[in-house]
Amino acid sequence: MSMSSFRWAIALRCIRRGINTLACIALLAMSFFLASASDPSPLQDFCVAVNDTKTTVFVNGKVCKDPKVATANDFFFSGLRVPGNTSNKLGSMVTPANVAQIPGLNTLGISLARVDYAPYGLNPPHTHPRATEILTVLEGTLYVGFVTSNPDNRLIAKVLYKGDVFVFPEGLIHFHLNVGKTKAVAIAALSSQNPGVITIANAVFGSKPAISADVLTKAFQVDKKVVDYLQSQF
């Protein structure tokens, strides 16, 4: 049943059963709320984002450029051709291609990222609060997985080889580990033009200001010295 048909059904039921006006209004209001509980589809071909602080007219968090002056460069990004620098503690680098790099992605609900891994490099446990991720391995061998929500917290993991694809559901904690002796490369597609990322260790032990040690020692059931050490790493 379509949402409009659903609303007509509510109205007819109110009339037939003599439900008071206030109750009918409440039911219809709920139906409108349900209809608008997700992002609406764009009503134009595109909305090229521009950095304009002089106006408050936004579409999906960005101001739109006049479509008549949009150019190919608004829909272009060459950054994924360049390998990321993996000479860091984790041995990995994520190069995003979202609305921050490609203004033309605004309202289109999709983005990409290139992930480079040194041998045994790790893209650490993290979540994307606004997107499902689908990962394709271009080179190397990756051990990947995600953890289901409470109370099961079940690990679903697999070793991937060149050409393999794996999906990480929206909001769930997941990771990628290069288990090979050579470098690895993957491309991640995400179901949002601005998927966001929360790296678990950074968020928990590197927040500013720091989370109280009393909270973390009880949450992780460890000594305060362990918490102090972990916080010092971030």
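What you are looking at is a predicted structure, and each value in this text was computed from that prediction instead of being measured.
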Closest non-hydrogen atom pair between A97 and F77, with its separation: CB-CD2, 3.8 Å
Check ion pair D116-R114 (N to O, under 4.0 angstrom): yes
Single-linkage hydrophobic cluster, 4.5 Å side-chain cutoff, V167 and L155 together: no
Minimum heavy-atom distance between I198 and A203, given as atom pair plus value: CG2-CB, 3.9 Å
Between CZ on residue R154 and OG1 on residue T148, distance to nearest 0.5 Å: 6.0 Å
Side-chain donor/acceptor of Q193 to backbone N/O of G109, under 3.5 Å: yes
Check: V204 and L216 side chains under 4.5 Å, non-hydrogen atoms: yes
F168: partners by ring pair (Phe, Tyr, Trp, His ring centres under 6.0 Å), with sequence neighbours left out: F166, H174, H176
Minimal non-hydrogen separation, K181 against P119, with atom names: O-CG, 3.4 Å
Atom pair CG (L105) and CD1 (I110), whose distance is rounded to the nearest 0.5 Å: 8.0 Å
Pairwise ring pair (Phe, Tyr, Trp, His ring centres under 6.0 Å) hits with a residue in residues 85-108, at least two apart: none
Pair listing, side chain to side chain donor-acceptor pair (under 3.5 Å) test, anchored in residues 73-84, at least two apart: K65-D74
Pair V185-V115, side-chain contact (heavy atoms from CB on, under 4.5 Å): steps then yes or no: CA-CA 6 Å; V185 183; V115 192; over 6 Å; no
side-chain hydrogen bond (donor to acceptor under 3.5 Å, both in side chains) against D152, all qualifying residues, sequence neighbours excluded: none
Interatomic distance, T182 atom OG1 to Y117 atom OH [nearest 0.5 angstrom]: 13.0 Å
Summary of ring pair (Phe, Tyr, Trp, His ring centres under 6.0 Å) pairs that have at least one residue in residues 136-164, sequence neighbours excluded: Y143-F175
Sidechain-backbone polar pair: T199 side chain, A201 backbone, donor-acceptor under 3.5 Å: no
Heavy-atom closest contact (V137 atom, G140 atom, distance): CG1-O, 3.6 Å
Pair L190-L112, side-chain contact (heavy atoms from CB on, under 4.5 Å): steps then yes or no: CA-CA 6 Å; L190 301 120; L112 288 175; over 6 Å; no
Main-chain N/O of P169 paired with T132 side-chain donor or acceptor, under 3.5 Å: no
CA sep, side-chain torsions, deciding dist, call: N123, V94, side-chain contact (heavy atoms from CB on, under 4.5 Å): CA-CA 8 Å; N123 189 8; V94 177; 4.0 Å; yes
Hydrophobic cluster partners of V82 (side-chain heavy atoms under 4.5 Å): none
Shortest non-hydrogen contact from I173 toward T127: CG1-CG2, 3.4 Å
Donor-acceptor contact present, side-chain S111 to main-chain S192, <3.5 Å: yes
Worked verdict on L135 versus V144 for side-chain contact (heavy atoms from CB on, under 4.5 Å): CA-CA 10 Å; L135 186 82; V144 306; 4.2 Å; yes
Ring pair (Phe, Tyr, Trp, His ring centres under 6.0 Å) pairs, two or more places apart, involving residues 83-115: none
Sub-4.5 Å side-chain heavy-atom contact between L90 and P124: yes
Residue pair L142 / V179, side-chain heavy-atom distance below 4.5 Å: no
Smallest separation among heavy atoms of Q221 and K218, with atom names: NE2-O, 2.5 Å
side-chain hydrogen bond (donor to acceptor under 3.5 Å, both in side chains) against S212, all qualifying residues, sequence neighbours excluded: none
All side-chain hydrogen bond (donor to acceptor under 3.5 Å, both in side chains) counterparts of D214, not counting sequence neighbours: none
Distance-only donor-acceptor check, side chains N85 and N88, under 3.5 Å: no
Path from F234 to V197 over hydrophobic side-chain contacts below 4.5 Å: no
Residues which pass side-chain hydrogen bond (donor to acceptor under 3.5 Å, both in side chains) with R130, listed by chain and number, not counting sequence neighbours: none
D66 side chain vs A70 backbone, donor-acceptor pair below 3.5 Å: no
L172 side chain near V147 side chain, heavy-atom distance below 4.5 Å: no
Same apolar cluster (I L V M F W Y, side chains within < 4.5 Å links), M93/Y120: no
Side chain to side chain, D164 and T136, heavy atoms closer than 4.5 Å: no
Ring pair (Phe, Tyr, Trp, His ring centres under 6.0 Å) involving F205 - partner list, sequence neighbours excluded: F220
Residue pairs fulfilling side chain to side chain donor-acceptor pair (under 3.5 Å) with at least one residue in residues 225-234, sequence neighbours excluded: K224-D228
Between CG on residue L138 and CD1 on residue I187, distance to nearest 0.5 Å: 5.5 Å
